[in-house]
Number of protein chains: 2
Amino acid sequence: MRFETSTIKDIAKALGLSTSTVSRALRDRYEISEETKKLVLAYAEKVNYRANPIARSLKERRSYSIGIIVSEIANNFFSQVINGIEAIAYDRGYHVIISQSHESYKQEKLNVEHLASRSIDGLLIALSSETQDIDYLRNLYGKGLPIVFFDRVPEDFETHKVIANNFKGAFDATEHLILSGKRTIAHLTNSENLSITRERLKGYQAALAKYNIGFEPELVKYCQHGGMHSAELEQAVKELLPLNPDGIFISSDRLTTGCIMAMKKTNPGVAHKIAIAGFTNSNLVELFSPSLTSVKQPAFEMGQVATELLISMIEAKRPVTEFETKVLDTELVRMQKPLGNRFL
Amino acid sequence: MRFETSTIKDIAKALGLSTSTVSRALRDRYEISEETKKLVLAYAEKVNYRANPIARSLKERRSYSIGIIVSEIANNFFSQVINGIEAIAYDRGYHVIISQSHESYKQEKLNVEHLASRSIDGLLIALSSETQDIDYLRNLYGKGLPIVFFDRVPEDFETHKVIANNFKGAFDATEHLILSGKRTIAHLTNSENLSITRERLKGYQAALAKYNIGFEPELVKYCQHGGMHSAELEQAVKELLPLNPDGIFISSDRLTTGCIMAMKKTNPGVAHKIAIAGFTNSNLVELFSPSLTSVKQPAFEMGQVATELLISMIEAKRPVTEFETKVLDTELVRMQKPLGNRFL
DNA sequence: CACGTTTTCGGGAACGTTTGCACACTTTTT
DNA sequence: AAAAAGTGTGCAAACGTTCCCGAAAACGTG
């Protein structure tokens with residue numbers, strides 16, 4: 001803000017004290033007498049003094065801000081994560097700067113470096129579906145920037161991570177389809193680069209195995225761009241439908257909604273015949289037709305936990321060397337009984 | 001970032017120049033010889049020099065950041081607006097700090113003041129549904145903080161504003177219901193505090209008038225919290241249904257989805273019998289059941305335009321005195337033919 | 001050659017904080 | 001009574017920039 005605002009100097013002058021005394025009084029340091037503290041506090045209150053965070057940052061060499069990278073904020077899951085992040089961050093006196101990678105590696109790298117040059121104190125990141133090379137992150141991390149990964153995490157990076165129990169979420173969803181009598185279950189998923197893709201695939205396979213259903217690789221379709229392009233989704237659906245699946249397990253938020261949309265567009269009839277189970281944090285699933293069984297991730301909590309870990313790293317006196325990977329349970333929300341047809 | 005990074009001083013020392021010369025060379029000022037400039041630039045490039053934005057901000061008394069206040073980011077409309085804002089802001093070298101009011105006046109005020117103390121250069125805000133008193137904004141504005149309102153704007157505040165053509169959007173939606181043969185058209189809307197509420201009500205009334213349908217005040221239900229609480233919505237729906245409307249026009253994104261949800265919950269049968277038209281920017285409307293006619297706002301564009309106006313204010317040499325209110329057209333997306341029932 | 005101009009550069013203050021150190025004064029200890 | 005310890009405060013440097021001002025060098029011009 002370029003407009004006039006009272007500074008510590010003004011207070012010092014007005015009260016006939018030195019800036020150091022005022023500063024210390026404001027920070028409630030032990031060296032200052034109660035009397036002076038009260039005086040300063042009262043006056044500061046009166047003139048509505050607000051410490052200039054920029055000057056503070058320059059002096060303390062930190063900005064009290066943390067960067068967030070997600071693929072997009074217009075996404076139920078991520079916007080809920082962000083809410084969790086904000087809840088903790090604001091509480092602890094940090095503000096957050098959000099950037100979107102739009103599932104592009106280039107954009108992600110650009111944004112991270114922009115944030116780093118903006119003097120963030122720490123970074124919270126879910127990798128883009130394109131990302132394979134995370135050396136630029138390793139570099140920043142090596143220079144001292146605390147980083148916590150969430151949701152989409154790299155395997156070979158020693159730091160805190162927060163993820164959902166993707167294996168179990170996928171297992172539950174697939175098992176649910178099997179228990180509903182489905183046998184030919186397709187799997188639509190994200191880029192192979194992503195940890196979530198691999199973990200969810202394993203869950204899917206494990207469920208099939210448990211019920212002695214053979215794993216058919218051609219029933220698995222990968223979307224390199226995470227469903228950002230509708231053409232990609234339509235292509236996948238077109239390839240999948242001829243295999244006549246009676247169920248489909250979809251592995252991410254955007255993919256789930258995008259896939260249903262693509263199925264309706266490609267072949268509206270079949271969309272209602274295939275049982276759908278998918279990861280999504282949409283709070284509108286009850287409105288969807290066809291309806292589906294959804295795997296909900298504890299997004300808000302994930303944001304909270306990740307932020308707490310990050311702040312603990314930022315505020316640690318000495319370098320952290322013990323890292324943990326928190327795994328949060330997902331929730332299976334079973335499809336509503338379709339009581340719809342009599343009303344159409 | 002607290003980790004070591006090269007400064008202008010380091011460059012100066014290494015090159016045997018003064019900091020002023022280096023600074024000027026970096027900023028490409030005319031006083032510096034081409035030769036020296038090249039030397040400095042080359043060295044800066046070599047050591048990967050990045051100007052410290054915090055020091056810069058302190059010196060220049062501005063932060064190159066703009067604040068955004070929306071009611072929530074987990075909202076199709078707002079997240080799209082934010083995308084538009086970011087597109088322009090990043091392009092012009094600003095970064096954005098997003099805050100959510102959650103439709104609470106208290107939270108809104110708190111966030112705005114937090115942002116202001118964080119030295120934002122300007123503010124982009126859509127008022128919360130609770131907000132009536134905007135004196136605190138007037139105060140900040142008076143002190144020199146540029147503010148641009150979008151979507152939910154106050155009437156008595158002289159500054160740039162960007163809104164959708166709410167009157168026409170509401171008119172079109174209502175007319176569409178009328179032309180579909182509906183005669184008892186309810187209207188579910190936001191808090192009366194909001195500009196969008198008033199404008200959309202007028203559009204609704206105008207459409208009724210055009211077709212000689214009497215306006216029935218009891219068919220209009222207001223939601224003070226903009227549908228943040230589901231109880232509020234269910235209450236409204238419970239009051240509305242006994243009046244036997246055959247159509248309903250809903251006035252905002254969250255309200256539209258929330259209302260359908262509430263109708264399905266309260267009386268699933270009737271949900272499919274009432275024709276629905278509502279404002280929403282959800283990209284999933286095609287998935288909804290019951291399906292609906294939607295009024296889409298040019299959210300992305302709204303963000304872009306608002307940001308351009310704000311930046312023009314921020315960068316204006318002298319105080320801006322000519323303000324404009326940009327009105328952007330909405331788009332009516334007609335309900336899909338329900339080809340659904342034969343597939344259920 | 002003496003003078004003004006232009007070009008190119010450096011010194012140093014300033015932005016608003018925080019903090020190590022020194023200093024003065026009071027109280028306690030030996 | 002002198003020394004030590006404790007208490008409260010101020011001075012000044014520092015964080016990394018930008019920019020005003022002055023000065024040295026190079027260049028005409030008469």
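Proteins come first, then strands; the chains are lettered A, B, ... in the order of their sequence lines, and each starts at number 1.
- A straight line from CD of Glu60(B) to P of dC20(D) spans 12 Å, rounded to a whole angstrom.
- Here the closest non-hydrogen pair linking His160(A) and Glu322(A) is CE1-O, 3.6 Å.
- Across the protein-nucleic acid pair, Arg50(B) atom CZ and dT17(D) atom P stand 12 Å apart, rounded to whole Å.
- When the shell of 6.0 Å around CD of Glu158(B) is examined, it contains 12 or fewer heavy atoms from other residues, nucleotides or ligands.
- dA14(D) atom C1' lies 14 Å from atom CG of Asn52(B), rounded to whole Å.
- Considering only side-chain N and O atoms, Ser33(B) lies under 4.0 angstrom from the phosphate OP1 or OP2 of dC9(C).
- Between Val70(B) and Ile68(B) there is a side-chain heavy-atom pair separated by less than 4.5 Å.
- Among the atoms of the strands shown, only primed sugar atoms or phosphate atoms (P, OP1, OP2) are found under 4.0 Å from some heavy atom of Leu17(B).
- In the interface, the side chain of Lys59(A) is not paired with the base of dT17(C) through any donor and acceptor atom under 3.5 Å apart.
- Listed nucleotides: dT17(D), dG16(C), dA12(D). Nearest to the side chain of Ile8(B): dT17(D).
- Remark: P of dA14(D) and CG of Leu58(B) are 17 Å apart, rounded to the nearest angstrom.
- Side chains of Ser63(B) and Tyr94(B): a donor-acceptor N/O pair is absent below 3.5 angstrom, by distance only.
- Comparing Val22(A) and Thr21(B), the nucleotide of DNA chain D nearest to each residue sits closer to the 5' end for Val22(A).
- Donor-acceptor pairing under 3.5 Å, judged by distance alone, is present between the side chain of Ser20(B) and the base of dG11(C).
- Between Ser18(A) and dG10(D) there is a side-chain N or O to OP1 or OP2 distance below 4.0 Å.
- Using a 4.0 Å heavy-atom distance criterion, Ile32(B) is classed as a sugar-phosphate-only contact.
- Between the CD atom of Glu34(A) and the P atom of dT9(D) there is a distance of 11 Å, given to the nearest Å.
- Tyr64(B) carries Arg62(B) over the face of its six-membered ring, with the cationic atom under 6.0 Å from the centre and within 45° of the normal.
- Between Arg61(A) and the phosphate of dG16(D), there is a side-chain N or O to OP1/OP2 separation shorter than 4.0 Å.
- No hydrogens or angles were tested; on distance alone, nothing pairs the side chain of Arg29(A) with the base of dG20(C) as donor and acceptor under 3.5 Å.
- Close to dG16(C), at under 4.0 Å from its OP1 or OP2, lies no side-chain N or O of Tyr49(A).
- When rounded to the nearest whole Å, the span between CD of Glu31(B) and P of dA26(D) equals 19 Å.
- Atom CZ of Arg27(A) is separated from atom C1' of dT17(C) by 9 Å (rounded to the nearest Å).
- The residue Arg24(B) sits close to a base: some heavy atom pair falls under 4.0 Å.
- In this structure, Lys13(B) places its NZ atom 15 Å from P of dG10(C), rounding to the nearest Å.
- Here Ser23(B) does not reach the OP1 or OP2 of dT17(D): none of its side-chain N or O atoms lies under 4.0 Å away.
- Applying the side-chain contact (heavy atoms from CB on, under 4.5 Å) test between Ile311(A) and each of Glu308(A), Glu315(A), Met313(A) identifies Glu315(A) as the sole match.
- A close approach under 4.0 Å does occur between a side-chain nitrogen or oxygen of Arg56(B) and OP1 or OP2 of dT18(D).
- As judged by a 4.0 angstrom heavy-atom cut-off over every strand, Thr36(B) is placed among residues touching the sugar-phosphate backbone only.
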